[in-house]
Each structure stands twice: as C-alpha cells, then as structure tokens.
There are 2 protein chains.
Amino acid sequence: MSLKHAILGYLTVQPLSGYDLKKVFDHALGYFWSATHSQIYRTLDRLVRDGEATQEVVIQRDRPNKKLYQPTEAGWDELRRWLAEPHGLPTLRHPLLVQLAFAELLDDDQVVALLEDYGARLAERIGRYRDPAHHQHIYLARTPRERFLWWSTLDNGIATLEAELCWVERTIDGFRALPEGHHHPLEADHDRD
Amino acid sequence: MSLKHAILGYLTVQPLSGYDLKKVFDHALGYFWSATHSQIYRTLDRLVRDGEATQEVVIQRDRPNKKLYQPTEAGWDELRRWLAEPHGLPTLRHPLLVQLAFAELLDDDQVVALLEDYGARLAERIGRYRDPAHHQHIYLARTPRERFLWWSTLDNGIATLEAELCWVERTIDGFRALPEGHHHPLEADHDRD
DNA sequence: CTGCCCATGTAAATGGTTACATGATTGA
DNA sequence: TCAATCATGTAACCATTTACATGGGCAG
C-alpha cells in the first residue's frame, strides 16, 4: 500500500509526470522504497480513477507530451491519514542470509566469495550515498524541518549499510578463524534405504 | 524465488511438514525471511510437482496426519546452484521512512510519536533476539561451521536492528533540537486559481 | 547512423497477504 | 466449556518484476 502514499507524498512537493517520478524513486527515495516505471504508471492511473489525484496533459514541442499529476483534496486527506498511523517494522527478505544459513552445501571459498561480493556491493552503495552529488535533492526541501527529515532518511540508509558492512568484515574474519575441519560440502545421501 | 530455496535448504537439515516449516520460519529464519502458511503449502506442492522434493504421508493416531517433505537429488542440485550465485542487496521497503519523508503534513508531536513507536518495536525485537531462549535452534546445527553461520545470521539481525535503534534516538534528539519554527502542518492549497 | 534521453504504456507471470474453511485432541 | 495446539488447505486479491512495444529529437 505505501507505493501509493510515497507517490502521493512526492506529488504534494511538486506536480510531476510518471517519468519524473521514476527518476525521483531512482535518486531520492531509492534508499527506502523502490518502484519500476510500470508500477508507477499504473498507480497514477489508479489515483486518478479513485479521485485522489488529477491529471493534466502538457503539450510539448520537440519532445513527447507529458502528463502531470497533482493530489486532490481527497488525496491529501488519505495521505495525512496514512502518515499519522504507525506501520510495523519492514519485513525482511535477505537472500544472502538464506545463502549463509544453508552454506553447508558450499565450500569455504564459495562462502568467502559470497560475503566479499556482498561487502563490495555495500561499500559501493555507501560511497554513492556519501557522495555530495547524491545529496542535491535535499536542498529542494521546503523548510529546515523538512531538510532535516530528508537528511535523516539518508542517514538511516548509510547507518544500516555501514552496520552491515561491519558485520560482513566481522563474519569473514570469524569464518576464517574457524578450526580447520577440512570441510566437505554436504551431499545428498540419495537412496540410503 | 528464494522462499523456495529457504524451504529446500531447511529440508536438507531435516524432513518436515508444512506446519513444522511455518514454525521454523517464525522462530529461526524469521530475521531474514518470512512466510505465511498458505505460501509454504503452495510452495511445497510446487516442489513436488517439479520433482524437487518428495512427499511422504505419516499416519498419526491422536492427531491429524501430516506430510513430510524431503528434497530429491534434483532439489539438492537446484539448491546448490542457487546458493553459489551472488544475489543483489535486499530491496528495501521501509514505511517509516516514507512517513518521515513526507512528515511536513504532520505536526511535531506526531513525528516524535512515530519515531518512538518505531524505536519501541525495535527494542522489543532486539530483546527477543538476545534472549537465550531464542537461540535454541542454533544448537541443532550439524557442525561447528554451521553453528557459526547460523549464529552469524542472528548477529546480522541484531546488528542492523541496533544500528536502527541508535538512528532513532539520534533522530529524535536532532528533531527536538530544531529551531522552533512554530510548525504548522502543510494544507492542501485547494482552488488557488 | 547510432545510441541516449524523453515519454508513454500493456501483458504475463510471479510472489505475497488476508480471509475463509475444517476438525480432532489436550489441558486449564 | 474454552482456548490452544496440531494439521491441512483454497480463493481472492494485491504488489512486484520482467518483457514487450512505440516513437521523436538530439548529440557525437
């Protein structure tokens, strides 16, 4: 349900097209919600159908026409309602941890490779979030209060990524320090009976 | 795709029924993957249909019969294949951060209430993860290596939750320290034209 | 003339949540 | 007699991903 609210939320900042929104999701909202363009276009249609946003076609020469969307009063109400009520912890879906949990089927090098690959992705993303070029959108905030809140969402992203990177390093070290058990990956003991 | 692999993975540890698996997801795999019983039953059916697991009916007196599942050789192969290849960072979907991002529509008390509620949920979950009663399943590991890996997945959960709790406190403090702007929540400026 | 940016969508499939549905046994 | 535990599932819906599909303008 919150994709709708994220879109509605950003439309209160500025009327935008689906194409624009996709860029906002890729650059600014990326660290707490992601969406594909097909999802965005369908959600915008639904908002208009439900009377929570209006659509305005903007004719352009030299480039394709676009449709700008804006929340209606009903849209603002719905958004305010959703924003004020508490929502649970994000549900986790963490493929790397599934891999680690069942890594008895892998040999030591494969386990280390998975962790190192994951660490590299984390480091790359932390680098991007720390890059001032990535902070531009924060200066579009309408008040110091909003600027603080936007910066906080980024801070959350950086803090959790760094905690994970730290965990990756700790885990690689601990794994290497395990008493050498000449580990042989488990095999299916097929047809034991 | 990884629900299938999480199930397959746990079935290599021990043949289990759908009902048992649900409990495993609730207690042991909970910090990196969640699933409802309806999802589990459907996935088990699919595994059998696809020849990746076998089903065995166990007749019980005094309680309902149950169906135990075990991976086939094809299941082991599929699992090994999936475990060895890298999967991207988990895609984030973080409702609280959406709320914070658009909190210009809320007043100060509402923002603090959201953060405090979130912090309380985090603290409660950290407490559960730290509780030794919650660690029982780790001792079922088949090797010291596996024990280390299972403990690491829990460690990941605790570390990221604590990073977030820390962030919550920092954010509440920073928010309260904002220069008092007599904040009035934004209103839709309807019918300006 | 190639490839990127602009700008829009649809279709099909997969994945996930919620609600509906049943029924025996055991312990308080 | 009430609630919990054991044990299974289906149906409807909602959310997400991936692939298909189009087409003009502009810069190198």
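Letters A, B, ... are given to chains in the order of the sequence lines, protein chains preceding strands, and every chain is numbered from 1.
- You won't find any donor-acceptor pair under 3.5 Å spanning the side chain of B/T91 and the base of D/dT16, going by distance alone.
- Contact check, B/Y41 against D/dT8: a side-chain N or O comes under 4.0 Å of OP1 or OP2.
- Centroid-to-centroid, the aromatic rings of A/H135 and A/W151 stay 6.0 Å apart or farther.
- When ring centroids are compared, B/Y19 and B/H37 stay outside the 6.0 Å threshold.
- Across the protein-nucleic acid pair, A/D62 atom CG and C/dC4 atom P stand 22 Å apart, rounded to whole Å.
- At a threshold of 4.5 Å between side-chain heavy atoms, the hydrophobic network of Ile, Leu, Val, Met, Phe, Trp and Tyr places A/Y41 and A/W33 in two separate groups.
- Residue B/H27 contributes atom NE2, which lies 12 Å from atom C1' of D/dT5 at whole-angstrom precision.
- When heavy atoms are screened at a 4.0 angstrom cut-off, A/R61 is found touching no nucleic acid atom at all.
- Between A/Y69 atom OH and C/dG9 atom C1' there is a gap of 10 Å when expressed in whole angstrom units.
- Here C/dG9 presents its C1' atom at 12 Å from CD of A/Q55, a figure rounded to the nearest Å.
- For A/Y19 and C/dC6, the shortest distance from a side-chain N or O to OP1 or OP2 is below 4.0 Å.
- Proximity of A/K23 to the phosphate of C/dA7: no side-chain N or O atom is located under 4.0 Å from OP1 or OP2.
- Side-chain nitrogen and oxygen atoms of B/Q39 include at least one within less than 4.0 Å of the OP1 or OP2 phosphate oxygen of C/dT17.
- Between the CG atom of A/L21 and the P atom of C/dG9 there is a distance of 12 Å, given to the nearest Å.
- Looking at B/E164 and B/R121, no side-chain N of the basic residue comes within less than 4.0 Å of a carboxylate O on the acidic one, giving no salt bridge.
- Nucleic acid contact for A/S17: sugar-phosphate only, since backbone atoms but no base atoms lie under 4.0 Å from a heavy atom of the residue.
- Remark on DNA chain D: of its neighbouring residues B/D20 and B/S38, the 5'-side contact belongs to B/D20, judged by nearest-heavy-atom nucleotide.
- The side chain of B/H37 has D/dG9 as its nearest neighbour among D/dG9, D/dA7, C/dG9.
- Look at A/K67 and you'll find a side-chain N or O under 4.0 angstrom from OP1 or OP2 of C/dG9.
- When the P atom of C/dG9 is taken as reference, atom NZ of A/K22 falls 16 Å away, rounded to whole Å.
- A straight line from CZ of A/R42 to P of C/dG9 spans 12 Å, rounded to a whole angstrom.
- As a whole-Å value, the separation of A/I59 CD1 from C/dT8 P is 12 Å.
- Between the side chain of A/E78 and the main chain of A/H5, no donor-acceptor pair closer than 3.5 Å is present.
- Checking the phosphate oxygens (OP1, OP2) of C/dT17, a side-chain nitrogen or oxygen of A/R93 falls inside 4.0 Å.
- Between the side chain of A/T36 and the base of D/dT18, no donor-acceptor pair under 3.5 Å is found.
- Looking at the side chain of A/R46, the nearest of the listed nucleotides D/dT16, D/dA15, C/dG16 is D/dA15.
- At C/dA7, one or more side-chain N or O atoms of A/Q60 fall inside 4.0 Å of OP1 or OP2 (strictly under the cut-off).
- Under the 3.5 Å distance criterion, with hydrogens and angles disregarded, no donor-acceptor pair is assigned to the side chains of B/S152 and B/D155.
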